[in-house]
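Here the structure comes first, spelled out in structure tokens, and everything after it is commentary.
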Amino acid sequence: MTIGQDIHVRPRSFTRREKTSIRQDVKRFEKIGRDHKCVTMADFANFVTDRLKYKDGRITATSKSLIRGLTVYFGEQLLYNTTLARLAVDITSGAQQLITDLRDENPGWLLADRFIGQTVLVWPIVFDYVTLAPQCATSLDDLLDQLIDWNHGYLFRDEIETPWAFGYDLEPEDYLAA
């Protein structure tokens, strides 16, 4: 399977450890939302951005786990509102930096709808937003809404303000009521 930008992946089953990690990250971010009064995705992103730490020019392991948690939580919100499903994959070739960053530390970073051919790489969306927040013109909430609308056929791919969504636009006439 090829996902845009020459990233080739091979689907596989989730391991028990990955499923547990995903569940724990979602629960942790739900608790963060309750404890810190985070309501919107921008609130969650600000929570993570405020706590990002760097050591020797690289993001620390603790900061990576916060980004991973936000990634899983963002993906969970997409799962509830779209026909996308989490897909466990092994990267076989493609962008070398992406392979290094995603391997084994970000389960569930790929959401796909195999029936309509739409794919969303959640980890790069969240990572770009958290590390480049002042430069991002679109909030995570708006991006979430755009991805949901694209999946439901209300937007075209060109109208989504991220390069990390791939696939086909739905044909509007297929979904018109009589």
Side-chain angles (χ1 to χ4, degrees), residues 14-89 97-98 100-113 118-155 157 159-167:
F14 276 105
T15 64
R16 282 183 79 170
R17 172 171 272 156
E18 289 172 333
K19 288 179 186 177
T20 301
S21 175
I22 289 169
R23 223 176 9 257
Q24 288 172 342
D25 285 339
V26 168
K27 292 294 182 189
R28 186 175 73 198
F29 266 79
E30 287 172 348
K31 184 172 181 345
I32 286 170
R34 287 190 303 271
D35 293 348
H36 297 276
K37 297 180 180 35
C38 296
V39 177
T40 64
M41 275 297 156
D43 294 340
F44 284 101
N46 290 336
F47 175 84
V48 172
T49 303
D50 292 345
R51 286 154 182 80
L52 276 184
K53 302 232 184 317
Y54 294 88
K55 184 175 183 180
D56 300 327
R58 299 183 60 94
I59 294 176
T60 63
T62 306
S63 296
K64 278 186 180 180
S65 71
L66 278 174
I67 294 171
R68 184 189 70 220
L70 181 58
T71 299
V72 171
Y73 187 71
F74 186 82
E76 193 74 9
Q77 299 309 307
L78 276 174
L79 288 177
Y80 286 139
N81 295 298
T82 64
T83 58
L84 297 169
R86 232 182 264 286
L87 193 61
V89 295
Q97 181 63 37
L98 193 61
T100 305
D101 291 336
L102 292 175
R103 183 169 291 149
D104 298 330
E105 50 183 85
N106 294 296
W109 58 270
L110 175 67
L111 299 179
D113 187 327
Q118 292 179 341
T119 305
V120 178
L121 299 175
V122 180
W123 186 83
I125 290 171
V126 171
F127 185 80
D128 288 350
Y129 187 83
V130 169
T131 58
L132 305 171
Q135 300 165 2
C136 293
T138 307
S139 73
L140 274 184
D141 296 298
D142 291 342
L143 200 51
L144 182 69
D145 290 341
Q146 289 174 8
L147 291 168
I148 291 168
D149 288 347
W150 174 58
N151 181 257
H152 291 289
Y154 300 124
L155 285 181
R157 170 59 198 98
E159 298 172 293
I160 301 172
E161 298 177 52
T162 182
W164 301 110
F166 309 100

Query raised in the report: Could you walk me through whether F127 and I59 pass the side chain to side chain contact (heavy atoms under 4.5 Å, CB included) check?
Result: CA-CA 11 Å; F127 185 80; I59 294 176; 3.5 Å; yes

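- With sequence neighbours excluded, no residue satisfies side-chain hydrogen bond (donor to acceptor under 3.5 Å, both in side chains) with T82.
- Of the candidates L78, V72, L110, V72 is the only one forming a side-chain contact (heavy atoms from CB on, under 4.5 Å) with R86.
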Report task. Test side chain to side chain contact (heavy atoms under 4.5 Å, CB included) on Q118 and F166 and set out the steps. Result -> CA-CA 6 Å; Q118 292 179 341; F166 309 100; over 6 Å; no

Requested in this report: Report the C-alpha separation of K53 and T62 in whole Å, then their side-chain angles, then the decisive distance to 0.1 Å, and conclude whether the side chain to side chain contact (heavy atoms under 4.5 Å, CB included) test is met.
Outcome: CA-CA 8 Å; K53 302 232 184 317; T62 306; over 6 Å; no

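- Residues E159 and Q146 have side chains that never bring a donor and an acceptor to within less than 3.5 angstrom of each other.
- Atom CG of D25 is separated from atom CD of E76 by 10.5 Å, given to the nearest 0.5 angstrom.
- With sequence neighbours excluded, the residues forming a side-chain contact (heavy atoms from CB on, under 4.5 Å) with D149 are Y154, L155, listed by chain and number.
- Note on residues 50-71: no pairs pass ring-ring contact (aromatic ring centres under 6.0 Å, His included), not counting sequence neighbours.
- For T162, the side-chain contact (heavy atoms from CB on, under 4.5 Å) partners are I125, L143, I160, W164, A165, not counting sequence neighbours.
- Judged as a ring-ring contact (aromatic ring centres under 6.0 Å, His included), and not counting sequence neighbours, F74 has no contacts.
- Note that OG1 of T71 and CG of L66 are 10.5 Å apart. Values are rounded to the nearest 0.5 Å.
- Q77 is linked by a side-chain hydrogen bond (donor to acceptor under 3.5 Å, both in side chains) to nothing, counting only residues two or more places apart in sequence or in another chain.
- With sequence neighbours left out, the side-chain contact (heavy atoms from CB on, under 4.5 Å) criterion links T40 to A42, D43, D141.
- In this view, D113 and T83 satisfy the side-chain hydrogen bond (donor to acceptor under 3.5 Å, both in side chains) rule, not counting sequence neighbours.
- Once rounded to the nearest 0.5 Å, the distance linking CG of L84 with CG of L147 reads 8.0 Å.
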Donor-acceptor pairs are to be reported for all side-chain atoms of residues 27-39 against protein atoms at under 3.5 Å, with residues two or more places apart or in another chain.
unit_1: R28; atom_1: NH2; unit_2: S65; atom_2: O; d: 3.1
unit_1: K31; atom_1: NZ; unit_2: D35; atom_2: OD2; d: 2.5

